[in-house]
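Below is a structure I'd like to ask you about.
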Amino acid sequence: MNSQHSVILEQILNSFESCLIPQLSSSPPDVEAMRIYLILPEFPLLQDSKYYITLTIPLAMAILRLDTNPSKVLDNWWSQVCPKYFMKLVNLYKGAVVYLLRGRKTFLIPVLFNNYITAALKLLEKLYKVNLKVKHVEYDTFYIPEISGLVDIQEDYLMWFLHQAGMKTRPSIIQDAVTLCSYPFIFDAQAKTKMLQTDAELQMQVAVNGANLQNVFMLLTLEPLLARSPFLVLHVRRNNLVGDALRELSIHSDIDLKKPLKVIFDGEEAVDAGGVTKEFFLLLLKELLNPIYGMFTYYQDSHLLWFSDTCFVEHNWFHLIGITCGLAIYNSTVVDLHFPLALYKKLLNVQPGLEDLKELSPTEGRSLQELLDYPGEDIEETFCLNFTICRESYGVIEQKKLIPEGDKVTVGRDNRQEFVDAYVNYIFQISVHEWYTAFSSGFLKVCGGKVLELFQPSELRAMMVGNSNYNWEELEETAIYKGDYSATHPTVKLFWETFHEFPLEKKKKFLLFLTGSDRIPIYGMASLQIIIQSTASGEEYLPVAHTCYNLLDLPKYSSKEILSARLTQALDNYEGFSLA
């Protein structure tokens, strides 16, 4: 029986490999003939890596050969399939990409490898574009995290950069080469962070050496600029932080801003191993976000910040915040800035919508959604709205017109979508245009360029303010101990027992207390590397956090109850750097 099955299977395989898939027409005779493209991916052997080259990749090539109209039909069908089927298809071709990258050295003819991987990537790109419209799966479903270990991301980004710039290189280097950066949706945020850092180094070298070197791949190895002046050094006084930061940053070129940052506080001899720079970011942002300046409005129900409609500070203050945010990204420093996703959308030229208003101001967002969803005909009588918006400015309520003579235009069934669009546009565009423009020019001065096009808004946010992919065990595993402490010390054991019993919100509060942010860096929990050191203080003293160094002074508490009580008290007393 087994022998008979093998023969049958081999016959099926031969017919698939030699007859069916290669002979699939680029212009099927009718819609019914198109169904083969939905059925074939369900064939079990296509999921087997042994048949990626003979079945799975050829199917992708056949799909990509389809003429415009049948290709659109398939896109439409993909948009209507169940998410489980769609995810299976995405995972199939992600698996094919990883398989090809792992075995690329076994391909004796490089052009074959290029053709195969291009087909798999282009099919993923086709699926990605369908998903943008229907959202079958989250965008990070397309991430291929294995790529960081299989590809030199720096080199791949260089080739992509040169293609984009239209620069000529030695044909043998990149002729017909596949640049994975052309398919940015497969890279996770960590990989994109690497690209951003590569771009910074590249721009520094191009600025110094010009773009016409014989071998562009020497750009990152010459490093004459970094040898002369390897850091962006800022000299500031604690009592005039904003003024000094404005002065110092104004004298540096855009290229200088991409260098690693070193901060020197006037009259202090501390060597900046990262802690002083982190303290600089914390103190500068605390000062800039001080409510007395009115630069930002704090939304109580979302705990988020947005640009104020009216404020009286100079534009260069917003410009400075933009530069600071860019510098934080380049220097891998998480800053505790609670902006909505709308800010990162705007930086990437993506239009914010009603969903973004729901995030920033849930009450306003829900009210507008209720207006859109209202089934009755009596919208004018029920909602009593016209094309105006009421905004508070320094205790005074002002009525702003959303369109010319908006106070005379009633919102009804036919124009309610137009009203909602105008309302959202006022919040995110019109009312903040002046301040946002100054902010974005500062940010893009540091982080601008083609590399930014590779990011999703949420990825850009994660780079600036960290993410919430917590791994508390990893936090313990990577902790460093000083003084009398070690991983086996009784007080340390009590600390971790207590910590792991905390609910999530309390753990996040501890992170805020110790590091200045309740989110973690893009490179994960391990990159925090907290330090716990013993002190001579008695049990009546609270733990003390040195935020700039992720350092915790922990007295030698004798019981879990005392440790929990003292730590809780320290967390409850912590004010932090927030605007609230």
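Throughout, numbering of the chain's residues begins at 1 and tracks the sequence.
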Pair Phe339 and Tyr344, ring centroids less than 6.0 Å apart:
no
Below 4.5 Å, heavy atoms only, C-beta onward: do Leu528 and Pro521 meet side chain to side chain?
yes
What I want to check is whether the side chains of Thr297 and Ser308 have a donor and an acceptor closer together than 3.5 Å.
yes
Does Arg238 come within less than 4.0 Å of Glu279, counting only side-chain N to carboxylate O?
yes
State which residues pass ring-ring contact (aromatic ring centres under 6.0 Å, His included) with His319; sequence neighbours excluded, sorted by chain then number.
none
Partners of Asn239 by side-chain contact (heavy atoms from CB on, under 4.5 Å), sequence neighbours excluded?
Arg237
Can you see whether Phe231 has Lys259 sitting over its ring - NZ or CZ less than 6.0 Å from the centre and within 45° of the normal?
no
Using side-chain heavy atoms (C-beta onward) and a distance below 4.5 Å, is Ile531 in contact with Tyr481?
no
Would you say that more than 12 heavy atoms from the other residues, nucleotides or ligands in this model lie under 6.0 Å from the NZ of Lys560, or not?
yes
Is the number of heavy atoms from other residues, nucleotides or ligands within 6.0 Å of NE2 (His500) greater than 12?
yes
Under the rule for ring-ring contact (aromatic ring centres under 6.0 Å, His included), what residues qualify as partners of Tyr436, not counting sequence neighbours?
none
Results of salt bridge (charged side-chain N to carboxylate O under 4.0 Å, His left out) for Glu125 - residues two or more places apart only:
none
Taking only residues two or more places apart in sequence or in another chain, which ones pass side-chain hydrogen bond (donor to acceptor under 3.5 Å, both in side chains) with Glu473?
none
Salt bridge (charged side-chain N to carboxylate O under 4.0 Å, His left out) against Lys508, all qualifying residues, sequence neighbours excluded:
Glu505
